[in-house]
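This is a predicted model, so every value here is computed, not measured. To find a chain, count down the sequence lines: A is the first, B the second, and so on, and within it residues start at 1.
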Amino acid sequence: MPSASEPQDVSREQIIWQVVCSIPVGHVASYSQVAELAGFKGLARFVGRTMGQLPEGSDVPWHRVLKQDGRIAFPPESNRFYYQSRLLTEEGVPVKNGRVSMSRFRWQP
DNA sequence: AAGTTGACAGTTA
DNA sequence: ATAACTGCCAACT
């Protein structure tokens with residue numbers, strides 16, 4: 001029996017991370033896309049908030065999740081912005097001006 | 001209980 | 001293309 005103070009949406013986070021883990025290398029998805037695939041259509045912000053709770057050493061490819069227009073969600077010039085940009089580039093997804101071409105690299109399940 | 005926040009998105013100007 | 005504004009909803013104060 002889980003303690004009452006434990007967040008009860010652990011399964012929701014699991015579902016979201018599972019969807020993110022299914023994004024193939026070399027492809028990306030938007031927050032809203034992840035939300036919809038996870039069965040939480042319209043909850044893009046919730047997906048973003050959930051991503052923020054990922055531990056640093058996680059296997060979840062969080063860097064493959066971008067805004068709908070292909071921009072990185074972090075503030076430009078920030079450390080995380082550059083980090084995500086680097087991870088994507090190393091995977092073969094070019095990032096120009098903090099942005100990925102969704103028409104080319106958007107994951108289509 | 002009420003107000004604020006946010007790794008978002010869509011519409012309008 | 002950019003910016004302002006609105007809608008959204010769970011988590012947090």
Side-chain angles (χ1 to χ4, degrees):
Chain A
M1 178 73 177
S3 70
S5 59
E6 201 75 16
Q8 69 281 73
D9 51 332
V10 178
S11 62
R12 276 192 301 192
E13 298 175 347
Q14 293 287 339
I15 293 170
I16 289 172
W17 289 330
Q18 183 177 345
V19 170
V20 174
C21 285
S22 65
I23 304 174
V25 178
H27 293 265
V28 297
S30 71
Y31 291 94
S32 62
Q33 186 180 357
V34 170
E36 180 164 1
L37 290 171
F40 308 118
K41 185 165 161 40
L43 298 192
R45 299 192 91 141
F46 179 74
V47 171
R49 202 194 65 76
T50 302
M51 300 297 276
Q53 296 177 354
L54 275 174
E56 198 169 309
S58 170
D59 303 328
V60 179
W62 55 268
H63 54 281
R64 295 177 196 152
V65 186
L66 306 166
K67 291 199 194 185
Q68 185 66 51
D69 62 1
R71 286 191 206 277
I72 289 178
F74 297 119
E77 311 270 322
S78 68
N79 267 346
R80 303 157 102 187
F81 176 92
Y82 288 125
Y83 183 41
Q84 181 170 11
S85 178
R86 195 185 100 228
L87 289 176
L88 285 170
T89 302
E90 287 175 355
E91 277 192 1
V93 178
V95 181
K96 314 271 187 228
N97 296 18
R99 181 184 207 177
V100 169
S101 172
M102 293 303 273
S103 58
R104 296 182 198 173
F105 298 100
R106 185 176 196 264
W107 177 39
Q108 297 169 8

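Using a 4.0 Å cut-off on heavy atoms, the residues of residues 56-74 of chain A that approach DNA chain B are Trp62(A), Lys67(A), Gln68(A), Ala73(A), Phe74(A), listed by number. Applying a 4.0 Å cut-off to non-hydrogen atoms, the residues of residues 22-34 of chain A that approach DNA chain B are Ser30(A), Tyr31(A), Ser32(A), listed by residue number.
Aromatic ring orientation, Trp62(A) versus Tyr83(A): tilted (interplanar angle from 30° to 60°).
When the nucleotides dA7(B), dG7(C), dC9(C) are ranked by their closest atom to the side chain of Leu43(A), dC9(C) comes out on top. Checking dC9(C), dA7(B), dA10(C) against the side-chain heavy atoms of Phe46(A) singles out dA10(C) as nearest. Of the candidates dA9(B), dC8(C), dA11(C), dA11(C) carries the atom nearest the Arg12(A) side chain, counting heavy atoms from C-beta on.
Between the P atom of dA10(C) and the CD1 atom of Ile16(A) lies a distance of 12 Å, rounded to the nearest Å. For the pair Met102(A) CE and dA9(B) C1', the computed distance is 12 Å after rounding to whole Å. Between Glu36(A) atom CD and dC8(C) atom P there is a gap of 17 Å when expressed in whole angstrom units. Regarding Arg45(A), its CZ atom lies at a distance of 14 Å from the P atom of dT6(C), rounded to whole Å. When the P atom of dA1(C) is taken as reference, atom NZ of Lys96(A) falls 16 Å away, rounded to whole Å. Atom NZ of Lys41(A) and atom C1' of dG7(C) are 13 Å apart (whole Å).
In plain terms, the two heavy atoms of Phe81(A) and Gly98(A) that are nearest each other are CZ-CA, 3.4 Å. What you find for Ala35(A) and Ala44(A) is that their closest heavy atoms are CB-N, 4.0 Å. For the pair His27(A) and Trp107(A), the tightest heavy-atom approach, listed with the atom from each and the gap, is CB-CB, 4.0 Å.
Of the N and O atoms on the side chains of Ser30(A) and Gln68(A), at least one donor lies less than 3.5 Å from an acceptor on the other residue.
Looking at Lys67(A) and Asp69(A), no side-chain N of the basic residue comes within less than 4.0 Å of a carboxylate O on the acidic one, giving no salt bridge.
Below the 3.5 angstrom threshold, one finds no donor paired with an acceptor across the side chain of Arg49(A) and the base of dG6(B).
No engagement by Gly42(A) is indicated, since no non-hydrogen atom pair under 4.0 Å with the nucleic acid exists.
Of the possible polar contacts, one joining the Gln84(A) side chain to the His63(A) backbone as a donor-acceptor pair under 3.5 Å is found.
At least one side-chain heavy atom of Arg64(A) sits less than 4.5 Å from a side-chain heavy atom of Val25(A).
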Test side-chain contact (heavy atoms from CB on, under 4.5 Å) applied to Cys21(A) and Asp59(A), step by step: CA-CA 8 Å; Cys21(A) 285; Asp59(A) 303 328; 5.9 Å; no

